[in-house]
Amino acid sequence: MLTSRAVPGVGPGKDAHRRHLGALLRHVHLRGPASRTELADRMGLNRSTIMALTAELTSAGLVREELPDQTGRAGRPSLVVRPESDRVFVLAFDVAVDRLVAARVGLGGTILDRREAVRPRAGADLDSVVEVLAGLGRRVAGTAGPGSVCVGVGASYCGMIRPGDGMVRFGPDMGWVDQAFGAELGRRLGLGLPVPVGNEGHLGALAEYERGAGVGFPNLIYLHGDVGVGGGIIVGGKLLNGDGGYGCELGHMLVNPYNGRPCGCGSRGCLEAEVGERALLDAARRPADLTGRDAVRAVVDAADRGDPLARAALDHIGDWLGIGVANLINLFNPGLVVFGGMLRDVYRGSATQVRTRLTANVLAVSRERVLLRTSALGDDATLIGAAELAFAPLLADPTGEHSGGRHPAEAGTAR
């Protein structure tokens, strides 16, 4: 069991101390092991303060200090601070249209174990999704070593999520409306831990910003393809949520209002209707019962081999994708646009059309610096985003002073 020590001081000094603890833990969690000297430079604190903070986090079982492998310099080496990745973990869940994933993710972001199951396209399936995820979660938690501790749970879902309680307000691809996903998953897991839930595009954007292609880009747009299209927008290093938490539904940006394809949201001509899975497969004249990522990749691969029908389909889809991206760049002036999920494959096959559309339709001053990249985290972007959602309370308050008097790690222990 992890333990924590009382934090000296009261009032503003105590709050500052907690923030410094959280900042230091966040540095080694996101950026990996670092020497005391490096941490002092990053945080603008003196080395004696860093030494006291690391000692407290070490006592709490969250980090350890070791001699560096080699210093290359004379004198006493600065100790390296490492996250306790094998002992301190969260459970992360990812619900996509066709798959269910559970993982044990260690402090520092390492995926220690993962399990995956197929999700049938069977409509509103809350009970079966929760049952499968809870079983997968227990299995990955059960592989943790003695003394390991689960400090949180987080989940990603492909729909619109109400902030605070994990309620799926609307999941157009599977027909979910007002489904209490977070509460039900927490109850089935039985760990005594809440299960915060995030929209898959939002979490993918945060994951790419913190750990992936977007590191160093405070203004970026992440587009995530599953069956449809979701996304997230980072402005000044912060996720753009909207008034009710339902912002950045990029897939439901209207791009073709007059002759548009029908969309699962009830509208026509939404971006996801024009560039989603079915749009591509229909344009490539694939059978109506053919679905999934393998079918999408098969079209992209066929176009690479010179298949004229597949090539024409990708050119058509790429033009619509370019229109959507052009609108987003003109609106938000990002430094980076990241294509994730299914759109990694679609962009790979249609980059020329996307860039042609940007040249024609994006303001010159907005396109002169923007970069286009595919996700560095691949299909794990949304899962890693869910893990970061689970780690957030610990990183904000490593001593547990605002968790009912308990250290967050004391809430759930792997057995």
Side-chain angles (χ1 to χ4, degrees), residues 94-101 116-125 158-159 171-176 200-201 204 223-231 250-325 339-357 372 374-375 378-379 381-382:
D94 187 18
V95 180
V97 171
D98 289 327
R99 66 173 188 157
L100 303 173
V101 184
E116 188 168 326
V118 173
R119 181 190 185 191
R121 297 189 182 184
D125 53 349
C158 51
D173 292 315
M174 299 300 286
W176 281 31
E200 93 281 34
L223 284 161
H224 183 83
D226 193 357
V227 169
V229 175
L250 309 185
H252 297 288
M253 174 172 52
L254 188 62
V255 295
N256 189 10
Y258 299 112
N259 299 302
R261 293 171 56 90
C263 182
C265 73
S267 184
R268 301 183 72 91
C270 294
L271 180 65
E272 78 167 44
E274 303 298 341
V275 308
E277 174 190 287
R278 195 67 254 159
L280 175 63
L281 297 178
D282 285 350
R285 299 181 189 174
R286 291 327 196 236
D289 61 349
L290 191 64
T291 60
R293 288 289 293 280
D294 288 343
V296 170
R297 287 172 177 149
V299 173
V300 177
D301 291 342
D304 286 344
R305 294 192 303 269
D307 182 314
L309 188 59
R311 180 70 268 160
L314 276 167
D315 288 349
H316 175 73
I317 296 301
D319 190 52
W320 283 118
L321 180 58
I323 289 171
V325 174
F339 299 92
M342 175 198 72
L343 290 181
R344 290 162 54 227
D345 301 299
V346 172
Y347 177 71
R348 174 169 65 87
S350 62
T352 298
Q353 284 66 39
V354 172
R355 292 182 180 278
T356 297
R357 181 57 74 173
L372 307 182
T374 55
S375 165
D379 288 337
T382 51

For Asp319 and Gln353, which I'm curious about, is there any donor-acceptor pair between the side chains at under 3.5 Å?
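Side chains of Asp319 and Gln353: no pair found under 3.5 Å.
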
Residue pair [X] / [Y], side-chain heavy-atom distance below 4.5 Å:
X: Arg348; Y: Asp301; result: yes
X: Thr291; Y: Arg278; result: yes
X: His252; Y: Ser267; result: no
X: His224; Y: Leu343; result: no
X: Leu372; Y: Arg355; result: yes

Are [X] and [Y] close enough for a salt bridge, meaning some N to O gap below 4.0 Å?
X: Arg311; Y: Asp307; value: no
X: Asp226; Y: Arg293; value: no
X: Asp379; Y: Arg99; value: no

For Trp176, does the six-membered ring have the charged nitrogen or CZ of Arg119 within the cation-pi criterion, i.e. under 6.0 angstrom from the centroid and within 45° of the normal?
yes

Can you tell me if Glu272 uses its side chain to pair, donor with acceptor, with the backbone of Val229 under 3.5 Å?
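Side chain of Glu272 to backbone of Val229: a pair is present.
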
CZ/Arg285: more than 12 non-hydrogen atoms of other groups inside 6.0 Å:
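12 or below, so no.
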
